[in-house]
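Reviewing the structure listed below.
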Amino acid sequence: MKNFSAISKFILLGLSTDRHIQAILFVLFLLIYLLTLTGNFLMLLVIRADSHLHTPMYFFLKQLSFLDLCHSSVTVPKMLQNLLYESKTIFVQGCLAQAFFVFATGGTEACLLAVMAYDRYVAISSPLLYAQVMSNQLCVRLVWGSWCLAFVDALINILLAANLNFCEGQTIPHFSCELSSLFPLSCSETSINFILLLCSSVLHFFGTFIMIVSSYARIVSTIMSITSTSSRSKAFSTCSSHLATVIFFYGSGFISYLLPTSGSPLEIIFSLQYSVITPMLNPLIYSLQNKEVKAAMGRMFRKYFHPLM
């Protein structure tokens with residue numbers, strides 16, 4: 001079989017075919033996307049502007065905010081376009097590009113959350129050596145390693161998927177393109193693609209999840225050895241925001257990827273949670289539960305806005 005696709009476009013069925021419901025969903029997800037942009041840009045600005053937040057923990061948080069901006073911007077603008085216009089097509093090349101960036105940003109975030117769990121473990125178990133262990137060089141290497149590992153893995157999967165022939169079935173029962181939703185549309189043999197995607201998912205999601213669980217097991221063990229109740233509470237509070245982010249990310253991500261790609265309402269709901277809602281919630285979680293971030297926002301507000309009042 002020749003290496004070409006008999007079709008040039010796919011149809012993304014999206015969330016609803018009812019025009020009135022589409023209008024409501026457009027306004028809803030536009031507001032969510034604007035909140036996502038505002039919250040994550042504000043987090044980036046606060047961490048950059050306030051010297052009190054120039055620590056490894058907030059360096060990783062800045063990377064997480066940037067990743068959330070990227071991850072939501074990969075899928076939401078196209079989803080909003082499909083809700084607004086009657087034509088819901090996407091070029092095959094555009095679909096593969098979207099699937100690549102969804103895979104790459106999601107894989108990078110999984111690695112980064114594992115790095116942040118290790119950072120919390122070092123901060124709690126070895127507070128006196130924290131600055132020495134989590135040096136600037138190590139933090140930069142861990143972030144670059146997360147990006148490189150995810151992008152190389154995504155590139156290998158997409159290059160293999162680009163050789164598939166999509167010659168029957170143009171409809172994707174989803175609001176975005178993901179690799180798992182493309183395989184049923186191909187008339188080529190996809191067993192190798194599926195095995196590679198499965199191995200990549202095990203590496204990025206199950207592998208990093210095991211690393212996070214291992215870090216938190218050590219964190220709990222260290223905290224339980226602390227005799228002071230106030231010190232225990234303070235140690236737990238430093239992990240609460242990260243733990244909430246992990247629950248949202250992995251909870252919705254696992255369920256979304258474990259469900260069959262049938263376009264069922266349950267699958268779409270968890271996909272929305274994973275790719276749309278979680279990037280909006282992360283800056284809220286870290287700003288509402290973190291006293292240092294709230295104090296930094298207060299200082300920035302007084303510095304830039306108080307003289308105008």
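Because only heavy atoms are used, hydrogens play no part in the values below, and waters and symmetry mates are left out as well, while side chains stay in. Everything quoted here is computed from the prediction, not taken from an experiment.
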Can you name the nearest heavy-atom pair linking Ser73 to Leu37, along with the distance?
OG-CD2, 4.3 Å
List the atom of Met134, the atom of Pro56, and the distance in Å for their closest heavy-atom pair.
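Met134 and Pro56 have their closest heavy atoms at O-CG, 3.5 Å.
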Within the distance-only criterion (no hydrogens, no angle test), does the side chain of [X] pair as donor or acceptor with the backbone N or O of [Y] below 3.5 angstrom?
| X | Y | answer |
| --- | --- | --- |
| Lys9 | Ile90 | no |
| Asn40 | Thr36 | yes |
| Ser225 | Thr222 | yes |
| Glu178 | Ala99 | no |

Aromatic contact, Phe100 with Phe151 (centres under 6.0 Å):
yes
Can you confirm if the aromatic rings of Phe194 and Phe183 lie within a centre distance of less than 6.0 Å?
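Not close enough - the centres of the two rings lie 6.0 Å or further apart.
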All ring-ring contact (aromatic ring centres under 6.0 Å, His included) counterparts of Tyr216, not counting sequence neighbours
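For Tyr216 the ring-ring contact (aromatic ring centres under 6.0 Å, His included) partners, ignoring immediate neighbours, are His242.
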Check side-chain contact (heavy atoms from CB on, under 4.5 Å) between Thr38 and all other residues, then give those that pass, not counting sequence neighbours.
none
Run the side-chain contact (heavy atoms from CB on, under 4.5 Å) test against Val133 and tell me which residues pass, sequence neighbours left out.
Tyr118, Val122, Leu129
Is Tyr130 atom OH crowded by more than 12 heavy atoms from other residues, nucleotides or ligands, each under 6.0 Å away?
yes
